[in-house]
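Everything on this sheet refers to the single structure shown next.
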Amino acid sequence: MTAMREILNSLIGLFLDDEFMAIAILAVVAATAFLTLGLAVPAWWAGAFLLLSVVLVLAGSVLRTARRTARRD
């Protein structure tokens with residue numbers, strides 16, 4: 001039971017460790033769903049939007065973490 005609790009804590013920690021990234025990814029997925037279902041854009045366009053957006057969110061998260069780490073040192 002302890003191992004299961006540690007695994008669950010690790011999974012929850014992935015989402016709570018970097019709130020910006022978790023919220024941004026959810027927003028990107030919601031925007032992609034709206035584009036695909038609401039505006040009926042082609043699937044390849046929605047896929048390109050999703051890929052580019054997720055890469056930008058990841059880059060932004062890395063830069064934020066690097067700036068915070070640099071300030072501590």
Side-chain angles (χ1 to χ4, degrees):
M1 191 66 169
T2 305
M4 186 64 120
R5 183 174 292 151
E6 288 180 27
I7 291 170
L8 287 174
N9 285 340
S10 295
L11 285 174
I12 292 170
L14 289 173
F15 292 100
L16 297 180
D17 189 34
D18 192 355
E19 300 86 11
F20 165 77
M21 187 167 156
I23 292 170
I25 294 290
L26 289 174
V28 165
V29 170
T32 305
F34 175 72
L35 289 173
T36 305
L37 300 174
L39 300 179
V41 298
W44 67 269
W45 197 92
F49 173 78
L50 181 64
L51 176 67
L52 181 63
S53 299
V54 169
V55 168
L56 290 174
V57 167
L58 179 61
S61 179
V62 168
L63 290 174
R64 286 183 71 224
T65 302
R67 275 190 238 131
R68 275 190 272 162
T69 304
R71 287 185 207 157
R72 289 183 194 158
D73 293 339

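The model shown is predicted, which means the values in this text are computed figures rather than measured ones.
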Kindly give the cluster partners of Ile23, where membership spreads through any ILVMFWY side chain lying under 4.5 Å from a current member.
none
Look at the side-chain heavy atoms of Ile, Leu, Val, Met, Phe, Trp and Tyr, link any pair under 4.5 Å apart, and say whether Val57 and Val62 land in one connected group.
yes
May I have all residue pairs that pass side chain to side chain donor-acceptor pair (under 3.5 Å) and include part of residues 40-61, sequence neighbours excluded?
Asp18-Ser61
Using the side-chain contact (heavy atoms from CB on, under 4.5 Å) rule, pick out the option among Leu52, Leu50, Leu51 that qualifies with Val28.
Leu50
What are the two closest non-hydrogen atoms of Leu35 and Phe49, and how far apart are they?
CD1-CD2, 3.7 Å
Looking only at heavy atoms, what is the nearest atom pair of Thr32 and Ala46, with distance?
CG2-O, 3.8 Å
Please list, chain by chain and in numerical order, all residues satisfying side-chain contact (heavy atoms from CB on, under 4.5 Å) with Phe34, sequence neighbours excluded.
Leu39
